[in-house]
Amino acid sequence: MGCCTGRCTLIFLCTLQLLASLERQIFDFLGYQWAPILGNFLHIIVVILGLFGTIQYRSKYIIVYSIWTALWVAWNVFIICFYLEVGGLSKDTDYMTFNISMHRSWWREHGPGCVRREVPPPSSRGLEDHSYISVTGCMIEFQYLEVMHSSLQILLALVGFVYACYVISVFTEEEDSCGLDSYTYHHSPQKTSHVQLKPVYLSK
């Protein structure tokens, strides 16, 4: 019963992680956030491995998933620090785009209630420069939306890590138990019969 409950819970958590990661991947693509796009892609692959391992009783895949969740938590903590500008980090730098472009978070201009206006730039600059786009009226600042996305990923990853460790321990116990039962079956001493058969003579 415990194994079934743990497996079902882990399958549910992996499914939630897939949905949350796909949603995040879409908006990171819209914002050309190349570093998060790469991270989301790897995360989706490992979560699929964990889901497959849970369904097929493959503990090695679940171990890979549990190790990745720890790295995934660390990555999302970095993203939170980046957008909250902790430790000298700045959300206006191009770390998330590998310095390839000037793009920022998609939520910067398209958040709830945001009104986007293009301001005519000088002739020496192009309209693609985000410095000449005015955004007003946002109900929630874009950095807090990014922080909420990362916080959700951390929560799901931590719970998934706990259940992954539990399922791994249950699978290991079952494998050890099956191995012991098999050894006992094949190596149990055979009972020998000490009854000697003697001819019986019937008297007339």
Side-chain angles (χ1 to χ4, degrees), residues 1-31 33-84 86-87 89 96 105-107 110-112 139-185:
M1 180 66 69
C3 177
C4 181
T5 304
R7 284 180 65 244
C8 293
T9 305
L10 187 55
I11 290 171
F12 177 71
L13 287 170
C14 287
T15 304
L16 283 181
Q17 284 183 300
L18 278 178
L19 294 175
S21 299
L22 288 172
E23 179 267 342
R24 190 180 190 183
Q25 185 77 310
I26 291 172
F27 291 111
D28 286 337
F29 262 117
L30 293 173
Q33 301 281 79
W34 302 116
I37 287 170
L38 178 60
N40 294 332
F41 179 73
L42 294 175
H43 182 61
I44 290 170
I45 292 177
V46 177
V47 171
I48 292 174
L49 281 178
L51 186 61
F52 175 79
T54 305
I55 295 173
Q56 297 293 325
Y57 292 89
R58 304 291 180 86
S59 58
K60 291 182 179 179
Y61 292 155
I62 306 176
I63 292 173
V64 173
Y65 165 80
S66 62
I67 294 173
W68 171 258
T69 53
L71 299 174
W72 186 242
V73 168
W75 167 248
N76 281 278
V77 169
F78 169 77
I79 292 179
I80 290 174
C81 293
F82 175 81
Y83 281 107
L84 295 182
V86 177
L89 296 171
M96 294 299 172
S105 170
W106 185 83
W107 299 105
H110 304 89
M139 297 174 60
I140 304 176
E141 294 295 330
F142 75 95
Q143 63 266 29
Y144 300 120
L145 290 171
E146 293 286 358
V147 167
M148 285 190 288
H149 275 84
S150 293
S151 299
L152 176 62
Q153 293 289 335
I154 290 173
L155 177 62
L156 293 174
L158 289 176
V159 179
F161 176 81
V162 172
Y163 274 94
C165 292
Y166 172 72
V167 171
I168 290 170
S169 65
V170 172
F171 284 0
T172 304
E173 290 177 1
E174 289 183 351
E175 290 174 359
D176 292 342
S177 177
C178 291
L180 181 61
D181 291 343
S182 177
Y183 177 85
T184 303
Y185 174 77

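Computation of the quantities below employed the complete heavy-atom set of this structure, encompassing side-chain atoms and omitting hydrogens, waters and symmetry-equivalent molecules.
Pairs engaging residues 7-28 under the ring pair (Phe, Tyr, Trp, His ring centres under 6.0 Å) rule: Phe27-Trp106, Phe27-Trp107 [sequence neighbours left out].
To the nearest 0.5 angstrom, Leu152 atom CG is 9.5 Å from Gln17 atom CD. Considering NE2 of His110 and CG of Leu30, their distance stands at 8.0 Å, rounded to 0.5 Å. Residue Leu84 holds its CG atom at 7.0 Å from OH of Tyr144, rounded to the nearest 0.5 Å. Atom CD of Glu23 sits about 7.0 Å away from atom CD1 of Ile26, to the nearest 0.5 Å. Atom OG of Ser66 is separated from atom CG of Leu71 by 10.0 Å, given to the nearest 0.5 angstrom. With rounding to the nearest 0.5 angstrom, the CG atom of Leu13 is 11.0 Å from the OG1 atom of Thr69.
Between Leu145 and Gly111, the closest heavy-atom pair is CD1-CA, 4.3 Å. Smallest separation of non-hydrogen atoms from Thr9 and Thr5: OG1-O, 2.8 Å. Leu51 and Cys14 get closest at one heavy-atom pair: CD1-CB, 3.8 Å.
Exactly one residue among Ile168, Thr54, Ile55 makes a side chain to side chain contact (heavy atoms under 4.5 Å, CB included) with Leu10. That residue is Thr54. Of the residues listed (Trp75, Trp72, Tyr65), the one engaging His43 in a ring pair (Phe, Tyr, Trp, His ring centres under 6.0 Å) is Trp72, and it is the only one. Each of Tyr166, Tyr163, Tyr57 was compared with Arg7 under the side chain to side chain donor-acceptor pair (under 3.5 Å) criterion, and only Tyr57 meets it.
Side chain of Ser21 to main chain of Leu18: no donor-acceptor pair is present (N/O by atom type, distance under 3.5 Å, no hydrogens or angles).
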Can I get a per-line list of side-chain donor-acceptor pairs under 3.5 Å for residues 35-42, giving both atom names and the distance, sequence neighbours left out?
from	atom 1	to	atom 2	distance (Å)
Asn40	ND2	Gln25	OE1	3.1
Asn40	ND2	Asp28	OD2	2.8
Asn40	ND2	Pro36	O	3.0

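Every residue meeting the side chain to side chain contact (heavy atoms under 4.5 Å, CB included) condition with Tyr83, not counting sequence neighbours, appears here in chain and number order: Gln33, Ile79, Lys91, Met96, Ser105, Phe142, Gln143, Glu146, Val147.
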task = Kindly indicate, with the supporting measurements, whether the criterion side chain to side chain contact (heavy atoms under 4.5 Å, CB included) is fulfilled by Ile62 and Phe171.
result = CA-CA 10 Å; Ile62 306 176; Phe171 284 0; 3.6 Å; yes

